[in-house]
Amino acid sequence: MSLPAGDIVAAVDPQLQRRRLVMLGLCSVLLLTTLFALVTGAIDITLADFFTTDASRVVQKTVLIDIRSPRILLAGCVGASLAIAGGALQGLFRNPLADPSLIGVSSGAAVGALSMIVFGAGLTVASSLLVFLVPLSAVLGAGLVTLFLYSFARYFSNFSVMTMLLVGIAINALGTVAVGTFNFLSDDTQLRTLVFWLMGSYGRATWASVLPAAFIALAASVMLLKNARGLDVLQLGESEARALGIDVDRLKRRIILTSAAAVGAGVAVAGIIAFVGLVVPHLVRLMGGAPNRFVLPAAGLLGAALSIAADVIARTIVVPAELPVGLVTSALGAPFFLWLIARMRTR
């Protein structure tokens, strides 16, 4: 009796079986991390509080539904979108160090969001629309930075690692100047908000603020996943990709715009969350190989789990105070970045 074609491919390619197991494991890790985050915190809560009608547990139910749930949704969406965008940018630039925060994309998104926070109060716009204007401003800032970085790296250095890092340092420096200017111009309330963006936090998550940004980030992430095959072909070179029927210029525009949308929407509601876009794609490549059709969805799952876990650490390690989650991800990501540089130097 003959085997179905899919079983034949799986039998011939053990790497495919390994990737399926990795994906299954990452789904399990994300589920367990989410459940753990729901019940972990300063207040003792169980999952049964979702359905309780006991008046003595009304506080726990409120915390679970109105505080922890939107916060976990935000952490998962931001982590997934940053990881997928990081993997896509690494594939587009064919550069293992292309991370949204490292090369300045997150700074561009932050400047866009902060400009709307500081100057948006003077706009005659309905308050319901202001919820969308901050993410859209962040997307615009991230898109402009990504487009500039791509054009500069292509024209001057053919996507050299060193050039991209140096340009990223310059963009981050300009972002620091812009943030300092906003600090000078802002009032006390706006200044507290600026500090929130700089360090990154999920502490202000509400359903009203999370849902618009989550929609933009998830929609952009889905678009990036649909372009995974094109990114795989692009690794062969632009001329080879064109010969295989890929519209390279259109693919580049889609990756740039959707990556900017994914990063910008996350930064708009959570601030700058460093190193997720750099660390996670490399981890999944170590688990199952380099094809973007595997890397991008796996990075989304692991990025969401890592971001949720980092948030749990941030809000429980110094109870009743709360660390900015950006500090936690930087503490995890910086040693990995050093290891990655050492690994590249020894090749």
same_hphob_cluster([X], [Y]) at 4.5 Å side-chain heavy-atom cutoff:
| X | Y | answer |
| --- | --- | --- |
| L147 | V167 | yes |
| I72 | L26 | yes |
| V318 | I67 | yes |
| V222 | F294 | no |
| V29 | V22 | no |

Going through the checks in order, is the side chain to side chain contact (heavy atoms under 4.5 Å, CB included) test met by V284 and L301? CA-CA 10 Å; V284 298; L301 293 172; over 6 Å; no
Answer yes or no: is there a side-chain heavy-atom contact under 4.5 Å between [X] and [Y]?
| X | Y | answer |
| --- | --- | --- |
| L236 | L244 | yes |
| V39 | L47 | yes |
| S107 | V145 | no |
| T329 | V279 | no |
| L92 | L251 | no |
| P291 | D232 | yes |

Exercise: identify the closest heavy-atom pair between [X] and [Y]:
| X | Y | result |
| --- | --- | --- |
| G91 | L234 | O-CD2, 4.5 Å |
| S106 | V263 | OG-CG1, 3.9 Å |
| G326 | I273 | N-CD1, 4.3 Å |
| Y202 | A270 | CE2-CB, 3.5 Å |
| Q90 | G277 | NE2-O, 3.4 Å |
| V269 | A213 | CG1-CB, 3.5 Å |

Between L306 and L332, is a side chain to side chain contact (heavy atoms under 4.5 Å, CB included) present by the stated rule, with each step listed? CA-CA 10 Å; L306 179 63; L332 297 174; 4.2 Å; yes
Is a side-chain donor or acceptor of [X] paired with a backbone partner of [Y] at a separation under 3.5 angstrom?
| X | Y | answer |
| --- | --- | --- |
| S307 | A304 | no |
| Q15 | G288 | yes |
| R315 | T40 | yes |
| W207 | S69 | no |
| R18 | M287 | yes |
| S81 | V78 | yes |

Atom pair [atom1] ([X]) and [atom2] ([Y]), whose distance is rounded to the nearest 0.5 Å:
| X | Y | atom1 | atom2 | value |
| --- | --- | --- | --- | --- |
| I313 | L327 | CD1 | CG | 12.0 Å |
| L35 | L32 | CG | CG | 6.5 Å |
| R254 | R250 | CZ | CZ | 5.0 Å |
| F36 | I308 | CZ | CD1 | 12.0 Å |
| M223 | I255 | CE | CD1 | 9.0 Å |
| I216 | T258 | CD1 | OG1 | 13.5 Å |

Would you call D311 and R68 a salt bridge, taking side-chain N to carboxylate O under 4.0 Å as the test? no
Start with the C-alpha distance between L64 and I43, add both sets of side-chain angles, then the distance that settles side chain to side chain contact (heavy atoms under 4.5 Å, CB included), and finish with yes or no. CA-CA 10 Å; L64 189 61; I43 298 178; over 6 Å; no
Around atom CZ of R229, are there more than 12 heavy atoms from other residues, nucleotides or ligands closer than 6.0 Å? no
Audit row: L296, L231, side chain to side chain contact (heavy atoms under 4.5 Å, CB included) steps and yes/no: CA-CA 10 Å; L296 296 190; L231 282 173; 4.1 Å; yes
